[in-house]
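To start, the structure itself, in structure tokens.
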Protein chains: 2
Amino acid sequence: MRREPPPPPSPSREIEAALRTGATTGIIGYRLRRAQLSVFQKFLSVFDELKLRPADYSVLVLIADNPGRKQTEIAEVLGVKRANFVTLVHGLEERGLVERIPSHADKRANALHLTAAGEAFLAHARAVHETMEQELIARLGGEKARKTLLDLLDRLT
Amino acid sequence: MRREPPPPPSPSREIEAALRTGATTGIIGYRLRRAQLSVFQKFLSVFDELKLRPADYSVLVLIADNPGRKQTEIAEVLGVKRANFVTLVHGLEERGLVERIPSHADKRANALHLTAAGEAFLAHARAVHETMEQELIARLGGEKARKTLLDLLDRLT
DNA sequence: TATTGTTATACTCTATAACTATA
DNA sequence: TATAGTTATAGAGTATAACAATA
């Protein structure tokens with residue numbers, strides 16, 4: 001049985017230790033940012049093959065669960081400006097995953113739907129995501145820990 | 001006693017409800033991002049008068065607790081590229097908060113210190129931050145909840 | 001008048017390459 | 001050769017203003 005090689009002592013480790021102790025221990029925003037960046041980095045590497053960014057995935061999920069909604073509605077829920085949402089949804093449309101169907105009830109609006117290809121693609125993406133999610137849950141220490149985390153995060157939002 | 005006016009039912013609320021239930025309930029990364037953005041937004045509004053961004057504050061705290069370190073060391077711990085750290089620390093230097101003292105041990109390096117003005121400024125900033133932190137802790141439900149959150153976040157990092 | 005989608009634009013943050021002066 | 005600081009630059013993400021078509 002091989003031992004893990006010990007990490008080399010480096011100045012940055014000393015400083016990191018200092019950052020994590022003493023007067024700076026309780027910086028919630030800082031720890032939140034580091035954790036979020038770490039999870040997003042994981043997401044990017046896992047979804048690299050699918051060419052899906054976090055925003056793309058959330059848009060696909062939201063359209064799938066709420067078909068026929070206007071661009072403005074989907075964008076608002078995700079906290080994306082409608083001006084920036086245009087580029088996002090056009091990219092998904094060019095890949096044949098999303099359809100922008102002109103609404104006959106309101107000729108200004110586009111109703112968003114997934115294509116058949118989009119549904120199939122999302123099914124695969126959801127499976128990939130579920131695997132990642134299970135790994136995160138394992139790291140947290142189980143389902144109960146996940147629920148605790150989401151509850152605490154909601155109180156900050 | 002007046003009742004709060006009920007929030008108007010809007011399409012976005014319906015969609016948000018859909019997002020928070022069903023198949024998309026457990027997206028840890030999404031919830032993490034929303035909470036982080038919310039806390040950073042709070043930070044920006046609270047520190048607007050001090051013209052301090054989150055990265056600025058963390059740099060000041062780190063220099064104060066680890067005086068004499070090189071730029072590269074501080075930058076690395078914070079996850080900032082040393083190229084981008086230059087602009088950051090120069091800004092703090094122009095405001096008279098930080099000194100870049102050429103190291104005589106290594107003529108390539110700058111040793112970072114806070115000026116007297118920087119120390120005073122940081123003392124004030126720390127007080128402001130502590131107030132914000134206490135508010136976050138209250139929202140979480142107390143010290144124990146904060147400890148639980150930081151522990152869970154560490155497992156994701 | 002207000003809203004939907006859109007374009008244009010700008011600002012911040014982040015990432016890489018390349019240079020200089022030292023080591 | 002490698003490292004510290006620096007400059008230049010490019011790419012995301014995000015913000016606002018303004019326009020045409022429609023409500």
Side-chain angles (χ1 to χ4, degrees), chain A residues 8 10-12 15 29-30 33-34 36-38 40-41 43-45 47-48 51-59 63 68-94 98-112, chain B residues 10-12 29-30 33-34 36-38 40-41 43-45 47-48 51-59 63 68-94 98-112:
Chain A
S10 66
S12 71
I15 305 183
Y30 179 79
R33 171 172 167 265
R34 298 304 285 246
Q36 188 253 310
L37 286 177
S38 178
F40 264 52
Q41 201 55 45
F43 187 103
L44 289 176
S45 68
F47 280 83
D48 182 59
K51 302 299 177 203
L52 264 198
R53 305 191 147 274
D56 298 320
Y57 181 68
S58 62
V59 168
I63 293 177
R69 293 291 188 171
K70 303 185 290 189
Q71 293 184 189
T72 302
E73 290 174 325
I74 302 289
E76 187 189 347
V77 170
L78 292 176
V80 177
K81 301 292 175 193
R82 71 186 195 281
N84 298 323
F85 189 77
V86 172
T87 312
L88 216 176
V89 77
H90 282 205
L92 295 172
E93 190 182 33
E94 281 178 16
V98 167
E99 272 180 327
R100 282 159 51 250
I101 302 177
S103 166
H104 43 278
D106 184 341
K107 290 183 180 174
R108 297 170 303 181
N110 293 328
L112 297 178
Chain B
S10 65
S12 69
Y30 179 79
R33 171 172 168 265
R34 297 305 284 247
Q36 188 252 311
L37 286 177
S38 178
F40 264 52
Q41 202 55 44
F43 188 103
L44 289 177
S45 68
F47 280 82
D48 182 60
K51 303 297 176 204
L52 263 197
R53 304 192 149 277
D56 298 320
Y57 180 68
S58 62
V59 168
I63 294 177
R69 292 290 188 173
K70 302 185 291 189
Q71 294 185 188
T72 301
E73 290 174 324
I74 302 291
E76 186 190 347
V77 169
L78 292 174
V80 176
K81 301 291 175 194
R82 70 185 196 281
N84 298 324
F85 189 77
V86 171
T87 311
L88 217 177
V89 77
H90 281 206
L92 295 173
E93 190 183 33
E94 282 178 15
V98 166
E99 274 179 327
R100 282 159 52 249
I101 302 177
S103 167
H104 45 276
D106 184 341
K107 289 183 181 176
R108 298 169 300 181
N110 293 327
L112 297 178

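Since this is a predicted model, take the numbers as computed values, not measurements. Residue numbers begin at 1 in each chain, while the letters A, B, ... track the order of the sequences.
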Side chains of Leu112(A) and Glu99(A): does their closest heavy-atom pair fall under 4.5 Å?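 Not touching, per the 4.5 Å side-chain cut-off.
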Decide yes or no for Arg33(A) and Leu37(A): does some side-chain heavy atom of the first lie under 4.5 Å from some side-chain heavy atom of the second?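 They are in side-chain contact.
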Can you give the first and last nucleotides of DNA chain D, 5' to 3', that have an atom under 4.0 Å from a heavy atom of chain A?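 Contact span on the strand: dG13(D) to dA23(D).
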Over all heavy atoms of both residues, which pair between [X] and [Y] is shortest? Give the atoms and the distance, please.
X	Y	answer
Phe40(B)	Gly29(A)	CE1-O, 3.5 Å
Phe85(A)	Ile74(A)	CZ-CG2, 3.7 Å
Ala111(A)	Gly68(A)	CB-O, 3.5 Å
Val77(A)	Tyr30(B)	O-OH, 3.7 Å

Would you give the length of the straight line joining atom NZ of Lys51(B) to atom CG of Asp56(B), rounded to the nearest 0.5 angstrom?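 Between Lys51(B) NZ and Asp56(B) CG, I get 12.0 Å after rounding to 0.5 Å.
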What is the distance from atom CG of Leu92(B) to atom OG1 of Thr87(B), rounded to the nearest 0.5 Å?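 Here the interatomic distance stands at 11.0 Å.
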Taking the nucleotide of DNA chain D with the nearest heavy atom to each, does Leu37(B) or Arg100(B) sit closer to the 5' end?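 Counting from the 5' end, the first nearest nucleotide belongs to Arg100(B).
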Roughly, in whole Å, what's the span from [atom1] in [X] to [atom2] in [N]?
X	N	atom1	atom2	result
Glu76(B)	dA15(C)	CD	P	14 Å
Gln36(B)	dC13(C)	CD	P	12 Å
Arg82(A)	dA8(C)	CZ	P	16 Å
Gln41(A)	dT14(C)	CD	C1'	11 Å
Asn84(B)	dA17(C)	CG	P	14 Å
Leu88(B)	dC13(C)	CG	C1'	10 Å
Asn110(B)	dT22(C)	CG	C1'	12 Å
Lys81(A)	dC11(C)	NZ	C1'	14 Å

Does His90(A) make a side-chain N or O approach to OP1 or OP2 of dG5(C) shorter than 4.0 Å?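 No, because none of the side-chain N or O atoms of His90(A) sits under 4.0 Å from OP1 or OP2 of dG5(C).
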Check whether any side-chain N or O of Thr72(A) sits under 4.0 Å from OP1 or OP2 of dG5(C), and answer yes or no.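 So the side chain of Thr72(A) is within the cut-off, an N or O lying under 4.0 Å from OP1 or OP2 of dG5(C).
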Pick base, sugar-phosphate or nothing for Ala55(A), based on heavy-atom distances below 4.0 Å to the nucleic acid.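 No contact at all - Ala55(A) keeps every heavy atom at 4.0 Å or more from the nucleic acid.
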Positive for side-chain hydrogen bond (donor to acceptor under 3.5 Å, both in side chains) with Asn110(A), one of Gln71(A), Arg69(A), Glu93(A), Lys70(A):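 Per the side-chain hydrogen bond (donor to acceptor under 3.5 Å, both in side chains) rule, the option paired with Asn110(A) is Gln71(A), out of Gln71(A), Arg69(A), Glu93(A), Lys70(A).
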Would you jot down, in residue-number order, the residues of residues 102-109 of chain B having a non-hydrogen atom under 4.0 Å from DNA chain D?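 Here the set is Arg108(B), Ala109(B).
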